[in-house]
Amino acid sequence: MAPGYAVRVADESWSVSGSGSRDEPPRRRRARKQVKAKRQRPFWQELPILLVIAAIIAALMVTFVGRPYVIPSQSMEPTLHGCAGCTGDRIYVQKVSYYWSDPKPGDVVVFVGPQSWNDHYVSIRSDNPAVRGIQNFFAFFGLVPPDENDLVKRVIAVGGQTVECCDEQGRVMVDGKPLDEPYVADDYPWVPGQPNAAYPVGRVFGPVLVPPGHLWVMGDNRNESRDSRAHVGDELQGTVPIENVRGKAVFKIWPPGRIGPVTSQDPQ
């Protein structure tokens with residue numbers, strides 16, 4: 001009985017002994033080495049997997065969270081730089097907050113221009129089909145801008161409100177109340193008590209009743225902005241459907257000297 005018992009205990013010690021034991025059977029040593037080899041892949045084998053994972057995460061972020069945009073014009077000066085000869089601001093535009101609520105007055109939003117806003121838009125895609133395909137592919141991951149007329153303006157009035165200009169002091173009014181707009185740095189001249197010119201050579205416009213589900217938007221640089229005022233004659237009276245909104249501008253990410261938040265200031 002004693003020899004048999006000794007063999008059984010020895011077998012148990014093989015099952016719990018550390019790797020590299022001289023008493024371990026050769027077959028188990030080979031199996032252990034194979035498992036170890038499978039666990040330690042070379043980096044060049046793991047790199048494609050890591051790139052695919054990173055691409056999936058980037059695509060999900062761009063589709064559901066937000067993406068960067070470039071400011072192409074001076075219509076939002078001085079809030080956002082885009083003047084001729086200067087470095088246009090790069091802004092981050094997030095989508096999340098509008099999943100549960102609609103844009104509010106004072107929000108700086110990026111939106112796709114309705115049809116009547118696209119008369120000056122020129123595609124940024126190559127005429128070469130192969131290059132255009134590559135551009136569209138990288139746009140899906142946020143590495144190339146989308147091929148659409150994306151604009152950035154500030155929300156002034158929302159659905160159900162009436163917007164017009166001006167009161168006795170030349171201020172924009174919403175539902176008969178003048179707005180407080182400290183972000184406006186440059187506007188058309190205003191002479192109290194005298195007839196004043198209408199847009200596009202003056203401040204006067206409206207009144208316009210904003211339809212439900214739409215927005216009235218204007219640039220902070222009032223005399224250098226083609227905004228809702230420029231399209232009051234179209235089928236939407238210059239308003240923008242909320243479904244066209246791509247997101248809310250929340251942060252300036254470039255250039256380094258301009259990095260900082262993009263604030264929403266409710267003028268009402």
Side-chain angles (χ1 to χ4, degrees), residues 69 71 73-80 91 93-95 97-118 149-190 196-250 262-268:
Y69 286 85
I71 304 304
S73 74
Q74 57 186 343
S75 68
M76 284 296 292
E77 294 277 357
T79 304
L80 301 174
I91 57 175
V93 176
Q94 59 92 358
K95 304 180 179 183
S97 61
Y98 293 154
Y99 287 153
W100 298 280
S101 64
D102 291 335
K104 299 178 176 58
D107 286 357
V108 177
V109 297
V110 169
F111 60 95
V112 180
Q115 186 62 40
S116 64
W117 296 52
N118 299 331
N149 186 24
D150 291 322
L151 305 168
V152 57
K153 307 292 180 186
R154 191 181 297 272
V155 178
I156 301 300
V158 298
Q161 295 185 319
T162 299
V163 59
E164 62 185 309
C165 192
C166 306
D167 70 350
E168 295 81 359
Q169 300 180 36
R171 295 175 294 184
V172 175
M173 296 187 295
V174 173
D175 291 339
K177 298 179 181 179
L179 303 184
D180 179 19
E181 299 188 283
Y183 42 77
V184 176
D186 200 2
D187 206 342
Y188 293 102
W190 179 261
N196 286 269
Y199 184 87
V201 295
R203 299 189 187 188
V204 178
F205 69 86
V208 175
L209 175 61
V210 183
H214 291 69
L215 306 170
W216 180 272
V217 297
M218 298 172 69
D220 290 355
N221 192 8
R222 291 290 158 83
N223 59 359
E224 293 290 345
S225 177
R226 281 186 90 238
D227 45 44
S228 289
R229 298 170 295 172
H231 303 281
V232 291
D234 68 14
E235 69 279 7
L236 300 177
Q237 292 187 283
T239 63
V240 176
I242 290 178
E243 64 187 20
N244 283 35
V245 174
R246 289 291 182 253
K248 178 180 179 180
V250 292
V262 179
T263 57
S264 297
Q265 303 180 59
D266 187 351
Q268 300 184 21

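What's counted below: heavy atoms across the whole structure, side chains too, no hydrogens, waters or symmetry copies. In this chain, numbering begins with 1 at the start of the sequence shown.
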A.B. asks: Within this structure, what is the CD-CD distance for the pair Glu235 and Gln237, rounded to the nearest 0.5 Å?
C.D. replies: 10.5 Å
A.B. asks: Does Arg154 come within less than 4.0 Å of Asp220, counting only side-chain N to carboxylate O?
C.D. replies: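 Between Asp220 and Arg154 there is a salt bridge, with a charged N closer than 4.0 Å to a carboxylate O.
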A.B. asks: Could you grab the distance from atom CZ of Arg171 to atom SG of Cys165, nearest 0.5 Å is fine?
C.D. replies: 10.5 Å
A.B. asks: Does some side-chain heavy atom of Pro267 sit less than 4.5 Å from a side-chain heavy atom of Tyr183?
C.D. replies: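 Result yes, sub-4.5 Å side-chain heavy-atom pair found.
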A.B. asks: Could you report the tightest heavy-atom contact between Ile71 and Ile91, atom names first, then the distance?
C.D. replies: CD1-CD1, 3.5 Å
A.B. asks: Tell me, with the steps shown, if Val158 and Asp102 meet side chain to side chain contact (heavy atoms under 4.5 Å, CB included).
C.D. replies: CA-CA 9 Å; Val158 298; Asp102 291 335; over 6 Å; no
A.B. asks: So, for Lys153 and Met76, which heavy atoms are closest and what is the spacing to 0.1 Å?
C.D. replies: CA-SD, 3.9 Å
A.B. asks: What is the distance from atom CD1 of Ile156 to atom CZ of Arg229, rounded to the nearest 0.5 Å?
C.D. replies: 9.5 Å
A.B. asks: Quick check: closest heavy atoms across Gln268 and Ala157, and the distance to 0.1 Å?
C.D. replies: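 Closest approach of Gln268 to Ala157: NE2-CA, 4.1 Å.
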A.B. asks: Any side-chain heavy-atom pair from Val184 and Asp186 closer than 4.5 angstrom?
C.D. replies: no
A.B. asks: For residues Met218 and Glu181, determine if any side-chain heavy atom of one lies less than 4.5 Å from a side-chain heavy atom of the other.
C.D. replies: no
A.B. asks: If you compare all heavy atoms of Pro178 against all heavy atoms of Asp167, which two are closest, and at what distance to 0.1 Å?
C.D. replies: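 Closest heavy-atom pair between Pro178 and Asp167: CB-OD2, 3.4 Å.
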A.B. asks: So Pro211 and Leu236, do their side chains get closer than 4.5 Å, heavy atoms only?
C.D. replies: no
A.B. asks: Contact between Ile242 and Pro103 at the side-chain level, heavy atoms closer than 4.5 Å - yes or no?
C.D. replies: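 Contact flag for Ile242/Pro103 side chains = yes.
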A.B. asks: Could you go through the salt bridge (Lys or Arg N to Asp or Glu O under 4.0 Å) check for Asp175 and Lys177 one step at a time?
C.D. replies: CA-CA 6 Å; Asp175 291 339; Lys177 298 179 181 179; over 6 Å; no
A.B. asks: I want to check something: taking the side chain as every heavy atom from C-beta on, are Trp216 and Val208 in contact at a cut-off of under 4.5 Å?
C.D. replies: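 Of all side-chain heavy-atom pairs linking Val208 with Trp216, at least one is under 4.5 Å.
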A.B. asks: Can you find a pair of side-chain heavy atoms, one from Val172 and one from Val163, that are under 4.5 Å apart?
C.D. replies: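 Yes, at least one pair of side-chain atoms sits under 4.5 Å.
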A.B. asks: Measuring from Lys95:NZ to Ser97:OG, what's the distance to the nearest 0.5 Å?
C.D. replies: 12.0 Å
A.B. asks: What pair of heavy atoms forms the shortest contact from Val155 to Lys104, and how long is it?
C.D. replies: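 Taking Val155 first and Lys104 second, the nearest heavy atoms are CB-O, 3.5 Å.
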A.B. asks: Given the rule in the side chain to side chain contact (heavy atoms under 4.5 Å, CB included) test, do Val262 and Val250 qualify, once you have shown the distances and angles that lead to the verdict?
C.D. replies: CA-CA 5 Å; Val262 179; Val250 292; 5.7 Å; no
A.B. asks: Side chain of Ser228, backbone of Val217: donor and acceptor closer than 3.5 Å?
C.D. replies: yes
A.B. asks: Around atom CD of Glu168, are there more than 12 heavy atoms of other residues, nucleotides or ligands at under 6.0 Å?
C.D. replies: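 Atom CD in Glu168 is not crowded, with 12 or fewer foreign heavy atoms closer than 6.0 Å.
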A.B. asks: Taking the inter-plane angle between the rings of Tyr188 and Tyr199 on a 0 to 90° scale, is it parallel (under 30°), tilted (30 to 60°) or perpendicular (over 60°)?
C.D. replies: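 It falls in the perpendicular class, over 60°.
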A.B. asks: Examine distances only and state if a side-chain atom of Asn196 and a backbone atom of Trp190 form a donor-acceptor pair shorter than 3.5 Å.
C.D. replies: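 Flag not set: sc Asn196 to bb Trp190 has no pair under 3.5 Å.
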A.B. asks: What heavy-atom pair brings Ser75 and Val152 nearest, and what distance separates the two atoms?
C.D. replies: OG-O, 4.1 Å
A.B. asks: Would you say Arg203 and Asp187 make side-chain contact, with heavy atoms under 4.5 Å?
C.D. replies: yes
A.B. asks: So does Val109 get a backbone contact from the side chain of Asp107, meaning a donor-acceptor N/O pair under 3.5 Å?
C.D. replies: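 Side chain of Asp107 to backbone of Val109: no pair is present.
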A.B. asks: For Val112, is there any backbone N or O sitting under 3.5 Å from a side-chain donor or acceptor partner on Asn244?
C.D. replies: yes
A.B. asks: Relative to each other, are the rings of Phe111 and Trp117 parallel, tilted or perpendicular (30° and 60° limits)?
C.D. replies: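 Ring orientation, 0 to 90° scale: perpendicular.
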A.B. asks: Going from OG on Ser73 to CG on Asn221, what distance comes out if it is rounded to the nearest 0.5 angstrom?
C.D. replies: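 Spacing of OG (Ser73) from CG (Asn221) equals 9.0 Å.
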